[in-house]
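Basis for what follows: all heavy atoms, side chains included, without hydrogens, waters or symmetry-related copies. By convention in this document, chain letters (A, B, ...) are assigned in the order of the sequence lines, proteins followed by strands, and residues within each chain are numbered from 1.
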Amino acid sequence: MKLKSQINDVIKDAFLKAGIEHAPMSVSEATKPEFGDYQFNGAMALSKKLGKNPRQIANDILDHLDFTGLLAKAEIAGPGFINLWLNPLWIAAQCESAGQDTRVGVERRKNPVKVVVDYSGPNMAKQMHVGHLRSSIIGDTLANLLTFLGDDVIRQNHIGDWGTQFGMLIAYLEEMQNDGSVSLKDLEQFYKDAKGRFDADAGFADKAREYVVKIQSGDTHCLGLWQKFIDISLGHCEEVYEKLGVNLTRDDVRAESFYNDDLGNVIEDLRTNGTLQESNGAQCIFLEGNEVPVIVQKGDGGYLYATTDLAALRYRAQKLQAKRIAYVVDARQGGHFKQVFRVAKEAEFVPEDVKLEHIAFGTMMDKGGKPFKTRDGGTVKLIDLLDEAVVKAKETINNKEEYSSEQIEELAKIIGIGAVKYADLAINRESNYIFNWDKMLSFEGNTSLYMQYAYARIQSIFRKYDGQIEGNIIIGDALEHRLSTMLLRFEDVLMRTAEDASPNQLTTYLYELVTLFMRFYEQNPILKEGVDEETKMSRLLLADLTAKTIKQGLDILGIKVVDKL
RNA sequence: GCGCUUGUGGCUCAAUUGGAUAGAGCAUCAGACUUCGGAUCUGAGGGUUAGAGGUUCGAGUCCUCUCAGGCGUACCA
């Protein structure tokens, strides 16, 4: 439910009745429990416009507030804050219906948006490394979230499958094939070996260069080899996606090469409806206020990634009809996207009303604040990182005797992968992020394990109680009041998270929810002796809705829960 | 040089987009009916939000300058 907008409606109504025309600003959550559940701060802002003192305005609104529905009480405080208390009976009823809803009370969007989420984008020449982690999981979360809210989401994996290095790679692949010793298990090694051949053998180097030209001119033999190479490499990526629980399939792949045939058209169209200029032999667009131009065609006739991105933007806006296009890409490419977006709009490749966004994120650092590398300074392969996460997770599992080795393996995967994802999603995506195994695999603090633990704890209550749950939620104390209000905020949080593409807003919410639940759980016994039936039912219903909300929230983040830890 | 970006307790991060006394978690210290899962909960100490000005009823948040770090900066992606 859209709690905030419902409260806003009540405020707006009071404004109209008070004869104030200005559209009031929105309420916000109270900063402290003493200040109620929500607060309205608009009276101060309106004071100048209306030429009245803010407390007077607040009074006028208060006089016309409707207390027959969701509001129970309102007070004016300080210079003109209006503190609002929700009606416990109303909250309880809303929680009851949310508990019965498969979407925990979250409505499906009435006006869905067609949105492209571009993420992951690995390079086919190499193995996926830690640099792809953030894009893959932030992008996947965004796509999951928008899908859940009801948008029409098109996932796009813009893989790098084109460029000069492929000449070298397929020439080497052909050589290995002839030897009968194709080994593409380790792409990194394959690349190194090919590079070794390239540097050592002039004949091989010539062949590699010749193959580049051949692929580009559509030579079937070379294209066949290239396709084979891409298939295998993509297979490696899919293995990573599977482990990571990222919802990308082959259908989502729109590789760089997909746009090849359109690149010439892009240049031509830029010439006619853009401001293409030749400079030092290259085709450029000089944007006002920018020192460096956007180069779309090299002096030798070759195209660049700006060209491909323009073709992709046009495809997404015109063919796919997307109204929002989000690129989940490293913050360092901010300048590039700023330019490309501007060119795309100015050349009318993308209509004015289409929202183009660069969902930028910071770099992954080690404990010492340096870019994340292996001990010998190489890049860390993503698959190795994930395997390590599972191994480390295994060490945290208590009561290993209770489980079979398969169960431990399964559990470790859920815990380990969840920890890696949650740690990443829980921080502001734009800042650099410090990767720390101990912290992410801890049961304490804002971690996935703490959430999974809370979920399992609730499930254990329901294992113990096997009767029917029939009854109503009765809000009996301040803690239950806060917990249930928090539960009703879920949709508001999801909306804002989607708007800003900032998963950490969702993790912060889940953490606060779980913290509240833990306190509630310590303080308010559910199944203990002496708890009357009515209270028991009420608390079971609250626990149930909490568990469902945790599960749904983690599901959007791509993190699994288990009934038993 | 120019551009973008970051700076919040010892450490890692929040702060509802300009609102009340800047909040959490680690770590530290002190506690909790022999536990509905103690992998939890309660409490304490710890801050001039890098610094200086400005805008206004009100600034961690907006503007200007300074300091410090990171990144980008014409034919790689």
- Query: Are OP1 or OP2 of B:U73 and a side-chain N or O of A:Arg332 less than 4.0 angstrom apart?
  - Reply: no
- Message: Would you say A:Tyr433 and A:Asn428 are linked by a side-chain donor-acceptor pair, where the criterion is simply a distance under 3.5 Å?
- Response: no
- Message: Regarding A:Asn524, tell me which of base, sugar-phosphate or nothing describes its non-hydrogen contacts under 4.0 Å with the strands shown.
- Response: base
- Message: Is it the case that the base of B:A24 and the side chain of A:Thr508 share a donor-acceptor contact (distance under 3.5 Å, atom types as modelled)?
- Response: no
- Compare the ring of A:Tyr521 with the six-membered ring in the base of B:U40 and state whether they stack (centres under 5.5 Å, planes under 30°). no
- ring-ring contact (aromatic ring centres under 6.0 Å, His included) with A:Tyr450: which of A:Tyr511, A:Tyr422, A:Tyr455? A:Tyr511
- Item | Short side-chain N/O contact from A:Arg457 to OP1 or OP2 of B:U40, under 4.0 Å | no
- For A:Arg489, check side chain to side chain donor-acceptor pair (under 3.5 Å) against everything at least two apart and list the hits. none
- Message: It should be established whether A:Tyr450 places a side-chain nitrogen or oxygen under 4.0 Å from OP1 or OP2 of nucleotide B:C41.
- Response: yes
- Do we see a donor-acceptor contact under 3.5 Å between the side chains of A:Ser502 and A:Gln505? yes
Between protein and nucleotides 19-23 of chain B, what N or O pairs are separated by less than 3.5 Å?
residue, atom, partner, partner atom, Å
B:A20, N7, A:Gln39, OE1, 3.3
B:A20, N6, A:Asn83, OD1, 2.3
B:A20, N6, A:Asn83, ND2, 3.3
B:A20, N1, A:Asn83, ND2, 3.4
B:U21, O2', A:Lys32, NZ, 3.4

- Any side-chain donor near an acceptor of the partner, A:Asn123 and A:His132, under 3.5 Å: no
